[in-house]
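Letters A, B, ... are given to chains in the order of the sequence lines, protein chains preceding strands, and every chain is numbered from 1.
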Amino acid sequence: MDSILLQILNGLDKGGAYALIALGLTLTFGTLGVVNFAHGAIFMIGAFCAVTMNKLLTISKKVKDESITFFDAFKEQPYLEIWFGDTGAKIVEYSVPLSILLAVPVMILIGLAMERGLIRHFYKRAHADQILVTFGLAIIIQEIVRHYFGANPIPQAAPAIVAGSASIGEWFGLGPNLVYPWWRLIYLVFALVVLGSVFAFLQFTTFGMVVRAGMQDRETVGLLGINIQKRFTIVFAIAALVAGLAGVMYTPILPPDYHMGMDFLVLSFVVVVVGGMGSLGGAVAAGFLLGILQSFASMNEVKSILPGIDQIIIYLVAVVVLLVRPRGLMGRKGVMED
Amino acid sequence: MNSSAFKDTLLLVVFATAILTMPIWLKPFGAAYPDLMQRFAIYGLFAIGFNILFGLTGYLSFGHAAFLGVGSYAAVWSFKLLTMNVLPAVFFGVIVAGFFAYLIGFISLRRSGIYFSILTLAFAQMCYNLAYSVLTPITNGETGLQLTLDDPRVLDAQAAAGSIPGTTLFGIPMTGITGFYFCAVVLIIGFFISMRIFNSPFGMMLKAIKSNQNRMSYTGFNTRPYLIWAFVISGMYAGLAGSLLAVTDPLAGAERMQWTASGEVVLMTILGGAGTLVGPFLGAGLIKYFENIFSSFNEQILHEAFAALPDGLENALVGLTSLFVGEGWHLTLGLLFMVIVIFLPGGIMEGVRRIGSLFTRSGSKAKSESSTAPEAR
């Protein structure tokens, strides 16, 4: 029982990342009708926002190490620590959550620039062209990141206070074996909050209403005298922001490297297709579902019955779903059917 | 009709001559060594095969590298178990890849558009992951499948002990320049078959599917068998290319099946011009050429190249260009990808046509036609 609960929890945080990326992908599908293969790269840029923030905060100066007295030893000490003492050290420790402050403007700007500069010119082109041009863009982003940050993963630490594990089992009276890393729990809550706010934004604001109407029937909304284009640009920026935030917060779980975007992209695409193209709820549900399935498949008990299942479970599910329910779990008629 | 048959023969002859004389006319470009020319021929075949699916029917497969990998594995197993002769290896590579393509195509072709792309991608990733994990007895996992001393090779006479024999064609070793000529002959045959397919009623059917599949169904055609056959044929081409890779270097690794490799063949086809006969080969050649040239550059060569300039300018230029060469070759590839798709959706062949139309009297008319052509989905 405990191990099943644990696998579900393990799946949830990964599922949260899938859901956040897939949400952005499917938003772009539904509103702009664009297949964006660069979305994984946006996720990666988010992760590297955290790396950049950490580097900025720890700009250091060589100071004499007083603890070693035999010879002149020097150590790197961040300016923040020199200026603010312990407060500075705390700021450095909280670099990952703080990088959200950096990521929000950066991701929105990148989203706006991408839509204005590139995606806009590809609305009327074939889906194959959209796939290819964004694939090229993804390669470029990936190579630029590799040039500046190197090819090795750069681990990011979560703040010390949440570095350990939460004893979830004791909270619910299920036995002490059920522990779960704090940061993953935070990630899950964070993902749910972001998902909830995006949904609330689309559901309860006038802006969101127009966007949803535009997803249903773009032409009619345009005929009513509403500038749908402008709103869709903002939607694209929101999609970029969501993926970027997902990336920032994921860094303590998985050290970012330059090809993490591509890895997540392929999986998120599968998630979108399983959930149903253009369906927001479907993307979220499929994200969590596939995350949980993946963590179950990597249990030793399952692997001993079906060797290798953990490697292919997601693709297998995608194949089965697409053949049984061609539009995905919650797909609507008429979206991406040409 | 006669004139078009004449044109085709002419094209074939010109193509064959160009391929077979590659060791001569590639010399000034510094690309006339067998290893690179083999790759031109092999990836040319891969792209020509991919073009039969994507160029004719418009179905964008993102999993073609899987067939390349399967072809390689089959060929290496033929070397290990049967004989070092390359013909059985190529035969098994093609057949096994064709069988895989039938299985995957049978399922994937039930959907079209983006769904089809994702399904093929999913299957290719499944093959890749399985080759790395569970199928290790067959694929030898991360190390890659290699020839070993104790392979049975039932059809071959026992070779001298302590050495691994090379691949041969009835005794002619398939290394270096002879290996290239073998690949070149296979490429010319492959090109001929692709030409026949383009001109056949079958090819017309595929083109009709690309321009409007619904209308085809309304007129009473069942498009599915045609699509499956196109998929199988292009999978067999990929298997052929994979087995040739094994012929020139008897080693097969799972990384050949990764989806970036599938992306590469898409790029080759697009760069050359999807739906044209020669385009995919040109695209493959160009990419392999630039990959080879660009990735061999380093800062020292750049410093020599810009040595004539004043020092400050030289360093700035070297700093800028070094981004794009050596390890940064992928950056150039990505840029090329975007530039081609944005400005020249028809690839090199469309560029050639546009330039050609500048010099002919009906230039303006041909231009307006070619500019509307890519809009058709």
Subject >> V133(A) to M338(B) - nearest heavy-atom pair and separation >> reply: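 Looking at all heavy atoms of both residues, the shortest contact is O-CG, 3.7 Å.
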
Subject >> Non-hydrogen atoms of I131(A) and S117(B) that approach each other most closely >> reply: CD1-OG, 4.5 Å

Below 4.5 Å from any heavy atom of chain A, which atoms of [X] appear? Answer side chain, backbone, both or neither.
X: I118(B); answer: side chain
X: F62(B); answer: side chain
X: I270(B); answer: side chain

**OP:** Quick one: which of V270(A), I140(A), V273(A) has the most heavy-atom pairs under 4.5 Å with chain B, could you say?
**Re:**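 Ranked by heavy-atom pairs under 4.5 Å with chain B, first place is I140(A).
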
**OP:** Please flag which part of I312(A) lies under 4.5 Å from any non-hydrogen atom of chain B: side chain, backbone, both or neither.
**Re:**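 Both backbone and side chain.
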
**OP:** Examine whether an atom of F37(A) lies under 4.5 Å from a heavy atom of chain B, and if so say whether it belongs to the side chain, the backbone or both; otherwise answer neither.
**Re:**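 The answer is the side chain of F37(A).
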
What is the distance from atom [atom1] of [X] to atom [atom2] of [Y], rounded to the nearest 0.5 Å?
X: I144(A); Y: L331(B); atom1: CD1; atom2: CG; value: 6.0 Å
X: H330(B); Y: R146(A); atom1: NE2; atom2: CZ; value: 7.0 Å
X: L132(A); Y: F337(B); atom1: CG; atom2: CZ; value: 4.5 Å
X: N129(B); Y: I313(A); atom1: CG; atom2: CD1; value: 12.5 Å

State, with a plain yes or no, whether a side-chain heavy atom of [X] is found less than 4.5 Å away from one of [Y].
X: Y315(A); Y: F123(B); value: no
X: V341(B); Y: F122(A); value: yes
X: L118(A); Y: I342(B); value: yes

**OP:** Among L335(B), N214(B), L267(B), L336(B), single out the residue with the greatest number of heavy-atom pairs under 4.5 Å to chain A.
**Re:**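 Maximum pair count with chain A is reached by L335(B).
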
Original post:
Of all of T332(B), L333(B), L121(B), I107(B), which one pairs up most often with chain A through heavy atoms under 4.5 Å apart?
Top reply: I107(B)

With a cut-off of 6.0 Å (strictly less than), are more than 12 heavy atoms of other residues, nucleotides or ligands near [atom1] of [X]?
X: R325(A); atom1: CZ; result: no
X: Y102(B); atom1: OH; result: no
X: F149(A); atom1: CZ; result: yes
X: F99(B); atom1: CZ; result: no

Original post:
Any donor-acceptor pair under 3.5 Å linking the side chain of R125(A) with the backbone of P345(B)?
Top reply: no

